[in-house]
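As the structure is a prediction and not an experimental result, all values here were calculated from the model. Just so you know, these numbers use all the heavy atoms, side chains as well, and skip hydrogens, waters and symmetry mates.
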Amino acid sequence: MEYLDICGELGNLTGQTASRETVHRKGLLHRTSHVWVIRKQGERYQVLLQKRSKDKDSFPGMYDASSAGHIPAGAEPLASILREMEEEIGIRAIPAELTFIGSFRCDYQAEFHGQMFHDNEIRFAYVYETPVEITDLTLQESEVEEVRWFDVEAVFREIRQGSDRICITAQGFELLLAFLKNRSLP
């Protein structure tokens with residue numbers, strides 16, 4: 001059983017833990033980490049998105065961040081995302097290859113597979129720019145159906161229009177857009 005640290009409104013740990021199931025049933029505030037794998041194609045940026053397994057407890061079959069996951073009790077965001085990247089998509093990154101771009105709050109409730117799911121979390125977001133070839137990736141079939149490169153601006157348009165195939169929040173994706181904008185400034 002996976003246990004998660006419960007945190008306060010600013011992401012500070014409370015010293016309490018709960019099972020993942022309890023966290024989502026009760027809507028307890030917890031932490032996750034996310035990474036955007038990006039590449040530049042000509043003058044435009046692309047982002048690698050994963051298609052979530054049909055068996056996932058939330059947003060099955062939808063496109064999501066390149067890699068993401070809950071931060072286990074006692075773990076830190078960076079170590080957690082490095083583990084998730086290797087497990088989910090087969091990228092063995094090192095800390096120096098990731099850039100922290102910020103954190104944000106996400107709180108939603110929805111029904112999946114006939115069960116209510118309350119996700120109340122603080123997400124820590126990173127960018128990974130080391131070259132990646134999809135054919136070199138090893139996908140964790142229980143988590144990820146496929147990965148694809150998408151144009152960053154097209155993804156954001158789709159998010160703003162309320163896409164039924166992408167489950168990324170506008171707030172989280174705006175962190176990536178701000179990172180890319182700062183990168184292109186003279």
Side-chain angles (χ1 to χ4, degrees), residues 4-14 20 23-24 27-41 44-50 52 58-59 62-89 91-109 118-132 143-144 147 149-163 166-186:
L4 309 175
D5 288 315
I6 306 305
C7 57
E9 291 298 317
L10 300 176
N12 53 311
L13 300 181
T14 64
R20 180 179 175 183
V23 162
H24 289 295
L28 300 175
L29 185 57
H30 60 286
R31 304 176 308 156
T32 62
S33 53
H34 297 242
V35 67
W36 305 108
V37 175
I38 62 170
R39 70 178 183 185
K40 193 162 187 182
Q41 292 292 103
R44 301 181 70 84
Y45 280 98
Q46 293 183 329
V47 61
L48 185 75
L49 300 182
Q50 66 163 266
R52 297 167 61 86
S58 63
F59 299 105
M62 295 183 78
Y63 285 97
D64 200 353
S66 307
S67 183
H70 290 90
I71 300 171
E76 292 301 321
L78 180 58
S80 181
I81 198 57
L82 289 168
R83 178 185 48 78
E84 291 289 347
M85 289 173 70
E86 185 170 356
E87 288 177 1
E88 291 183 350
I89 57 177
I91 294 177
R92 287 187 175 180
I94 60 172
E97 293 175 313
L98 293 176
T99 303
F100 178 70
I101 60 171
S103 61
F104 62 100
R105 178 80 181 271
C106 179
D107 188 4
Y108 68 87
Q109 294 183 60
H118 185 176
D119 206 4
N120 184 14
E121 59 191 36
I122 294 178
R123 296 176 175 177
F124 294 81
Y126 297 86
V127 168
Y128 180 79
E129 299 179 79
T130 302
V132 170
E143 298 277 333
V144 181
V147 291
W149 290 106
F150 289 84
D151 179 81
V152 167
E153 293 174 23
V155 169
F156 192 56
R157 277 193 304 275
E158 201 167 326
I159 291 168
R160 286 194 327 245
Q161 293 168 355
S163 174
I166 296 176
C167 63
I168 298 166
T169 66
Q171 185 181 12
F173 208 72
E174 286 167 350
L175 287 175
L176 174 61
L177 294 175
F179 170 81
L180 295 174
K181 181 179 179 184
N182 288 336
R183 186 164 261 275
S184 63
L185 293 175

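The heavy-atom pair separating D5 from A73 by the smallest distance is OD2-CA, 3.4 Å. Taking all atoms of both residues into account, the shortest heavy-atom contact from T169 to R123 is CG2-NH1, 3.8 Å. Shown here for S103 and I122, the closest heavy-atom pair between the two residues is CB-CG2, 4.3 Å. Taking both residues in full, the closest heavy atoms of Q46 and V152 are given as C-CG2, 3.8 Å, listed atom of the first, atom of the second, then distance. The minimum heavy-atom distance linking F104 with G172 is given by the pair CZ-CA, 3.3 Å. In plain terms, the two heavy atoms of L4 and H70 that are nearest each other are CD1-CD2, 3.4 Å.
Partners of F150 under the ring pair (Phe, Tyr, Trp, His ring centres under 6.0 Å) rule, at least two apart in sequence or in another chain, are Y63. With sequence neighbours left out, E153 forms a salt bridge (Lys or Arg N to Asp or Glu O under 4.0 Å) with R44.
Q50 contributes atom CD, which lies 7.0 Å from atom CZ of R52 (distance to the nearest 0.5 angstrom). Atom-to-atom distance recorded for S163:OG and E158:CD is 3.5 Å, nearest 0.5 angstrom. Interatomic distance, L10 CG to N12 CG, rounded to the nearest 0.5 Å: 5.5 Å. Atom CD1 of residue I94 and atom CG of residue L78 lie 10.5 Å apart, to the nearest 0.5 angstrom. The OH atom of Y128 sits 11.0 Å away from atom OG of S66, with the distance rounded to the nearest 0.5 Å.
A donor-acceptor pair under 3.5 Å is absent between the side-chain atoms of T14 and the main chain of G8, judged by distance alone. Between the side chain of E86 and the backbone N or O of R92 there is no donor-acceptor pair closer than 3.5 Å. Listed for the R31 side chain is a donor-acceptor partner under 3.5 Å among the backbone atoms of A75. Listed for the D64 side chain is no donor-acceptor partner under 3.5 Å among the backbone atoms of I168.
Considering only heavy atoms from C-beta on, E76 stays 4.5 Å or farther from S33 through its side chain. Under the 4.5 Å side-chain criterion, counting only non-hydrogen atoms from C-beta, L49 is in contact with V155. Annotation: side chain of Y45 is not in contact with side chain of R39 (no heavy-atom distance under 4.5 Å).
Aromatic ring pairs are classed by plane angle as parallel below 30°, tilted from 30° to 60° and perpendicular above 60°; the pair F100 and F124 is tilted.
For F179 and W36, the ring centers sit 6.0 Å or farther from each other.
For the pair R105 and E9, the salt-bridge criterion is met [side-chain N within less than 4.0 Å of a carboxylate O].
If you check the side chains of E84 and S67, you find no donor sitting under 3.5 Å from an acceptor. When only modelled atom types and interatomic distance are considered, T32 and H30 share no side-chain donor-acceptor pair under 3.5 Å.
Of the candidates L176, V127, L180, V37, L176 is the only one forming a side-chain contact (heavy atoms from CB on, under 4.5 Å) with V47.
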Subject >> Residues M85, L98; criterion side chain to side chain contact (heavy atoms under 4.5 Å, CB included); working and verdict >> reply: CA-CA 11 Å; M85 289 173 70; L98 293 176; 4.0 Å; yes
